[in-house]
Structures are given as structure tokens and as C-alpha cells.
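Just below is one structure, and these are the notes that go with it.
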Amino acid sequence: MFFFKNKTKGNKFALLVVIFFAILASRTLIFQSGYFNMHDDLQMMRQLQFEKCLLDRQIPCRWVPDMGYGFGFPLFNFYPPLPYMFGQIFRFMGATFVETARYTFASAIILSGVAMYYLVKNIFGRAGGVLSSIFYVWAPYHAVDVYVRGAMNEAWALVFFPLILLFSMQLIREENITKRTKWTVLLAVSYAFLMLSHNLMLMIFTPVFAGWVVLFIAISKNWRIIFNLMISGIMALCFSAFFTLPAIVENGLTQIRGQLIGYYDYTAHFVSIKQLLFSNYWGYGPSVWGVNDDGMSFQVGYIYWILSIVVALLVLGRCVKLVRQKNLYQHLLNDKVALITGYFFVVGWITAFMTHSKSTPIWQLFPQLAYSQFPWRFLTIVIFSFSLVVGFIPYFLNEYKSTKRWFARLIISEKKYLVIITLVALVVIPNWNYFLPENGKMGPLTDEQKFSGAAWDLQQTAGIYDYLPATAEMAPREPMHQLVEFMKGEGSVAESVLGTDWARIRLNVTSDSAVIRLGIFMFPGWKVYVDEVESINYVDQDEKWGRMYVDLSPGVHNLRVEFTNTPIRSISNYVSALTWTTLIFYVVIKRKSGLASNKQ
């Protein structure tokens, strides 16, 4: 195996190597102060909104108050919250919002490397695990995700690809029925975390996972495990139900179509073969209409696709040796390593093909793919697949320990560590400068600067059409200045207080009647209580921005405005709460029974 004969020491040392190289890839995020430019420069804003929800006891967080030009919108009803849940750990530890964003990005890089190591270690051994992990972390598109696009959620999805495959593999090959429960739960949790990280990555990754499951079931011939897999899938949906179900059922309540037209039309963002395989261009600009004029890189990386072909030839050579065997099919089924390697070689190249315009018929065959917006998102699967395939090389070299050809043992087996070090150098050195912010260093920035002035205004309006309620014909042209405005009649506002999902207003209507407009978008769930009696809130026919209107009678009134749960939100919350509570009780009881048995 790798590094040490002692299994425990070897695992620890190998893991330290993985973490070391992951820290190198996130060095500026961890060790430099300040912040960096990125395409999706809303990470701090989303973290702020998530924290406001927690402090306001809006759990789970759905409606954020400051975005949508200050009129609020249902961000976390549709935008996966897990990275910001994790980021809140750093906030509780005293980190600033600037530091929290950097550390959350860095955590995604490090954890993706660790996850990849454990998956590949269980397939190719420790040496393969270390090599695949380093390749995964240092892939050019990984740097694009973090340092160029600032795609926090997509970077976190890369953490759960390896974990899902690892736990499903352990579940399928586990012979002990009792122990299967552990793998069933771990698979469910990891899949739920993917659901809570990135909706689109879930859609792209699921077919790969399905193929992986079919492959392993065919190898093990354990078709009864399908029941456990189904249970795990149901549990995953239950764990993430508080977010997943409302996001699906209520998707039509926002301007979702705006995410599929114009700039976001997938046909505008295919890449060329040159960009994919032969260009080493690097930039911090955007993806633009057409090919070859983009300001960002879509390279797979020379070393990645070349080594994938080399590995495929090595595997093919192993298979050729089986031609003389009487039962070739049976031997191939027994060669699990060759099957896994071959599967991800095929997956890697198919997903690379999906980034090219020649794949348009497939995109047209499955219209749901249009929601991914950018075909080059499939590079996440490409770098995952090719990084995993590279782990075969140390496994292959290790086989020469038993060869009778002394010169092969001398040249290859005894030099395998040199080969591994060389491959690591070939991926880290060329990609070193990719894992840096624009201009190579962080720029000075504080929380106060980010959350004030022009920077604050920009964050309030950025992405406003992503989750703008369907009740609005257009986005607001100016920020919300007043929570309450008298549109008809006369009166005065004595007090108005706005929370994350509530408002309290005390006013006096001095005319015979009045109509007030609230500086909050109309969206299912908002209710208005006038003197503790539910009133009708509506959108006026002349209202273009989708704000709420309320009719009032003369006199002094106390208004309570609350964002309540729709039936699907309530059911989803109960399902998730019950599932997580059951899991916690199960773990506690299991742990106590384990401690009791150890004492006996």
C-alpha cells in the first residue's frame, strides 16, 4: 500500500498529504486578509441575510429582507442554503463576513480533497487516493469555480460527489445486514447535503450515480440491495424536504423563466474543442455568446485528458490478457478495478462532449437540462471522473511487485513513488497561478465597506430577477424608502418596524378610508393582520413592482405583517424536523448501547 506498512500510520500520513495540498490550493483564502473580485459577488450578502434569519428566529430561512432592492424576496426558498449554514460556524467563532466567505470557500476545497481521497482509497488504495485527491483539488475548473466565478454552492457540491459514491459502494458490498443501516443513513445524509448545496449539480450528477449503482450491483449480483437504496433515497428527500419540496412545488411563483433566456440561454455557452482540450488560456472575465471570445477558461487540463487515455490503454491491455480465458465475461466482472476505471473514463468523455455544441440534440431531448444554463457546468463531472481515473496509475504500478520480470520491478515498481511525485508536479506547477485571485492577491475590504454605500446598493439589486415574485411585472427602479405609504386617503404612521419575515406598524387613518402600500413584495405566505384580524392583502392593478396593498378604515390601527408557511412549506418542515430528530435519537441510543456493552 502507500507510504507505510502500518495501516493506521499510512492513513494518517496520506490524509495529511491530501490536506497539505488542499491548503496550498486555498492558501490566499486562508492566510491573506481582504477579499477578491468574483462573478457572483453575493456571498457575503447571502451570509448576512442567513444570519439575520437565524437571529430573527426565522428557521428555516426563506425570505430575506435586504435583497430585491430592499423589498425582500424568497431567496432561501429556492437557493440552496447549506454553504451558508456551514459559514455560520465561522461567524459564531467570531469571524467577520469577509473572513467567513473566504474560509467557507477554502473549506469546500479542503473537504472535496478529503472526500475524494477516501473514495479512491477504497478502490485503488492509498497511493491512488492521494493522487486522485490532488488532481481533483488542483483541476483548472476547480479554480474557476472558486477564484473566478465565486460559485460557492457549486464548489460545495464537489464535496459530496465522492461521498455519495463512497457510501453507496460500501452499502452495496456490505454483507452484514445490521451494518448496512450505517451506510444507508450516511448515503442519505450525503445525498441530502448535495440537494442542499446545488440544485443543478444534483440534476447533472444523478445519472452518473445511477450508472455507478447499476455497475456495482451487477458486480456484486446483490439485487436485494435496491431496497436499501430506495430507503436511502427517501431518507435523503426527507432530510432535505424543508428546502427541496418548496423549491420544486413553488418554483412557478417567481420569474424563473428569466433564468433561461437571453444571456442564460444554454445555446450561447457551448465551448469549442480548442477551449476544452488544447487551450491553456486563463482569465477572470465572463462567459460570452459563442466560442473562443470568452474571458474565462474552460480547459480540462492537458494532463487530465491525456492521462485518462493512457489509463484507458492500460486497462485495455489488462483486458486483452483475458481474451485467452475461457470465460471472458466472468473475468471482466471479477476485475472490478477495470470496470470502475472504464466507467469513469466513459463518463468523463461523455460529459466533456456535453459542453460542445454537437451535443445540442441531447439538450433538446431533455429540456430540463436548459435550467443548467451553462453547458460548461458539466466540467464538474469531467474533472471528477478524470481525477478518479488517474488513481488507477499507482494501483497499476503496484501490480509489478509480483511480476517475474526483474527489470519491470526495478524500473517501474521501485520507481513508482517517483512517478507519483512527477504526476503531482505536472498538475500542481502548471496550475499554481490559477489558484489565485485576480492580480494575484486579495484587495483590502471590510464588512463596513461591503455593507454600505454603492457596494450595498449593488448587492441589493444583483440577481433581482432570479427570484423576483411573479406578481411583479418588472424589477423596482429604486430602493425601498418607506415601509408604509398612503396611496389613497390620509393618515400618519406612528411606528414601523421591519424584521426578516415580519413587520409591525402603528398608524392613524384620518380620512373616511385609506389604501396603504407596503414596501414588501407580494408572495404566497404573506399575511396582514389589522388589529389582530386577518385582512386581505393584494396587488393593485396599476402596481408594476408587485408590492402589497391593504385597505383600511378610519382610526388608529395596529398592523402585524407576517410571512407564514404555505401548506407545502409546513409539511416539508415537519418532515425534515421529524427525520433529523429520529436520526439524532437513533445515534444517541446506539452510542449509549455501545458504551454499555463495552463496560460489560
**Message:** Can you give me the closest heavy-atom contact between Ala192 and Ser240, atom names plus distance?
**Reply:** O-CB, 4.0 Å
**Message:** Run Glu250 and Arg62 through salt bridge (charged side-chain N to carboxylate O under 4.0 Å, His left out) and show every step you take.
**Reply:** CA-CA 12 Å; Glu250 298 184 336; Arg62 299 190 186 278; over 6 Å; no
**Prompt:** Quick check, are the ring centers of Phe160 and Tyr191 under 6.0 angstrom apart?
**Reply:** no
**Item:** Leu187 CG to Arg180 CZ distance, which is reported to the nearest 0.5 Å
**Value:** 13.5 Å
**Asked** Run the side chain to side chain contact (heavy atoms under 4.5 Å, CB included) check on Asn122 and Met169 step by step: do they pass?
**Response** CA-CA 9 Å; Asn122 281 273; Met169 176 178 68; 3.5 Å; yes
**Asked** Taking all non-hydrogen atoms of both residues, which atom of Thr500 and which atom of Gln58 are closest, and how far apart?
**Response** OG1-NE2, 3.0 Å
**Prompt:** So, Gln47 and Thr100: side-chain donor and acceptor under 3.5 Å apart, yes or no?
**Reply:** no
**Request:** For the pair Glu51 (side chain) and Leu55 (backbone), establish whether a donor and an acceptor sit closer than 3.5 Å, ignoring hydrogens and angles.
**Result:** no
**Lys450 and Asp41: CA distance, side-chain angles, deciding distance, side chain to side chain contact (heavy atoms under 4.5 Å, CB included) verdict** = CA-CA 10 Å; Lys450 193 66 174 177; Asp41 195 10; 2.6 Å; yes
**Asked** Would you call the rings of Trp212 and Phe344 parallel, tilted or perpendicular, where under 30° means parallel and over 60° means perpendicular?
**Response** tilted
**Request:** For this output row, return yes or no: ring centroids of Phe76 and Trp63 closer than 6.0 angstrom.
**Result:** no
**Request:** Report the C-alpha separation of Phe124 and Ile393 in whole Å, then their side-chain angles, then the decisive distance to 0.1 Å, and conclude whether the side chain to side chain contact (heavy atoms under 4.5 Å, CB included) test is met.
**Result:** CA-CA 9 Å; Phe124 300 125; Ile393 295 175; over 6 Å; no
**Asked** Under the side chain to side chain donor-acceptor pair (under 3.5 Å) criterion, do Ser308 and Trp349 qualify, and how do the steps go?
**Response** CA-CA 9 Å; Ser308 75; Trp349 283 102; 3.3 Å; yes
**Message:** Is the distance from the ring center of Phe563 to that of Trp502 below 6.0 Å?
**Reply:** no
**Prompt:** Is there a donor-acceptor pair under 3.5 Å between the side chain of Ser168 and the backbone N or O of Leu165?
**Reply:** yes
**Prompt:** Is any side-chain heavy atom of Leu131 less than 4.5 Å from a side-chain heavy atom of Leu423?
**Reply:** yes
**Message:** Test your reading of the model: is there a side-chain donor-acceptor pair from Ser232 to the backbone of Asn228, 3.5 Å cut-off?
**Reply:** no
**Message:** Quick check against the 3.5 Å criterion: does Ser132 have a side-chain atom that pairs as donor or acceptor with the backbone of Gly129?
**Reply:** no
**Message:** Centre-to-centre under 6.0 Å for Tyr434 and Tyr147, is that the case here?
**Reply:** no
**Asked** Do Ile520 and Leu498 come within less than 4.5 Å of each other through their side chains, counting heavy atoms only?
**Response** yes
**Fill in**
CH2 (Trp376) and OG1 (Thr351) are apart, to the nearest 0.5 Å, by 15.0 Å
**Item:** Stepwise side chain to side chain contact (heavy atoms under 4.5 Å, CB included) test for Val185 and Met235
**Value:** CA-CA 8 Å; Val185 172; Met235 289 175 62; 3.8 Å; yes
**Prompt:** Judged by atom type as modelled, is there a donor-acceptor pair below 3.5 Å linking the side chain of Thr96 to the main-chain atoms of Glu99?
**Reply:** yes
**Fill in**
Heavy atoms of Thr104 and Gly87 approach each other most closely as OG1-CA, 3.5 Å
**Message:** Whether the Glu154 and Tyr141 side chains hold a donor-acceptor pair (N or O, under 3.5 Å, no angle test) is what I'd like checked.
**Reply:** yes
**Prompt:** Does some side-chain heavy atom of Lys336 sit less than 4.5 Å from a side-chain heavy atom of Ile123?
**Reply:** no
**Message:** Are Tyr304 and Phe135, when compared by the centres of their aromatic rings, separated by less than 6.0 Å?
**Reply:** yes
**Prompt:** Does Thr206 use its side chain to pair, donor to acceptor, with the backbone of Met203 at less than 3.5 Å?
**Reply:** no
**Message:** When you measure from the side chain of Arg102 to the backbone of Gly34, do you find a donor-acceptor pair of N or O atoms at a distance under 3.5 Å?
**Reply:** yes
**Item:** Tyr84 versus Gln43, side-chain donor and acceptor atoms under 3.5 Å
**Value:** yes
**Request:** Go through Phe86 and Trp156 one step at a time and tell me if the ring pair (Phe, Tyr, Trp, His ring centres under 6.0 Å) criterion holds.
**Result:** CA-CA 10 Å; Phe86 186 89; Trp156 269 86; 4.7 Å; yes
**Prompt:** Hey, are Tyr79 and Asp466 close enough side-chain-wise for a donor-acceptor pair under 3.5 Å?
**Reply:** no
**Item:** Check: Val130 and Tyr117 side chains under 4.5 Å, non-hydrogen atoms
**Value:** yes
**Item:** Derivation of the ring pair (Phe, Tyr, Trp, His ring centres under 6.0 Å) call for Phe73 and Phe523
**Value:** CA-CA 8 Å; Phe73 58 44; Phe523 191 76; 9.9 Å; no
**Message:** With a 3.5 Å distance limit and no angle check, can you tell me whether His142 reaches the backbone of Ile109 through a side-chain donor-acceptor pair?
**Reply:** no
**Asked** NZ/Lys221 to CD1/Ile172 distance, rounded to the nearest 0.5 angstrom?
**Response** 15.5 Å
**Asked** Can you tell if the side chain of Val137 reaches within under 4.5 Å of the side chain of Ser112, non-hydrogen atoms only?
**Response** yes
**Prompt:** So, Asp66 and Arg46, do they make that salt bridge, N to O below 4.0 Å?
**Reply:** no
**Message:** Quick one: does any side-chain atom of Ser133 pair with a main-chain N or O of Met116 as donor and acceptor, under 3.5 Å?
**Reply:** no
**Request:** May I ask you to check whether Tyr103 and Phe90 place their ring centres under 6.0 Å from each other?
**Result:** yes
**Asked** Checking Asp447 side chain against Val98 main chain: does a donor-acceptor pair fall under 3.5 Å?
**Response** yes
**Prompt:** So, do Phe239 and Met195 sit near enough that their side-chain heavy atoms are less than 4.5 Å apart?
**Reply:** no
**Prompt:** Taking all atoms of both residues into account, what is the closest heavy-atom pair of Pro65 and Gln49, and its distance?
**Reply:** CD-OE1, 3.0 Å
**Request:** For residues Ala108 and Val159, report the shortest heavy-atom separation together with the two atoms involved.
**Result:** O-CG2, 3.4 Å
**Asked** So, are Arg149 and Asp145 salt-bridged, with charged N and O less than 4.0 Å apart?
**Response** yes
**Item:** Cationic tip of Arg91 above Phe97 ring, under 6.0 Å, 45° of axis
**Value:** yes
**Asked** Are any non-hydrogen side-chain atoms of Phe521 and Leu468 less than 4.5 angstrom apart?
**Response** yes
**Asked** Just how far is it from atom CD1 of Ile217 to atom CD1 of Ile226, taken to the nearest 0.5 Å?
**Response** 4.5 Å
**Item:** CD1/Ile177: more than 12 non-hydrogen atoms of other groups inside 6.0 Å
**Value:** no
**Prompt:** OG of Ser387 to CG of Leu119: how many Å apart, nearest 0.5 Å?
**Reply:** 11.0 Å
**Message:** Quick one about Thr564 and Trp526 (side-chain donor to acceptor, distance below 3.5 Å, no hydrogens or angles considered), yes or no?
**Reply:** no
**Message:** I need the minimum non-hydrogen distance between Tyr586 and Thr181, along with the two atoms involved.
**Reply:** OH-CG2, 3.4 Å
**Asked** To the nearest 0.5 Å, how far apart are CE in Met354 and CZ in Phe378?
**Response** 4.0 Å
**Request:** State whether the number of non-hydrogen atoms from other residues, nucleotides or ligands found under 6.0 Å of Tyr118 atom OH is greater than 12.
**Result:** no
**Message:** Counting only heavy atoms not in Tyr574 (residues, nucleotides, ligands), do more than 12 fall under 6.0 Å from its OH?
**Reply:** no
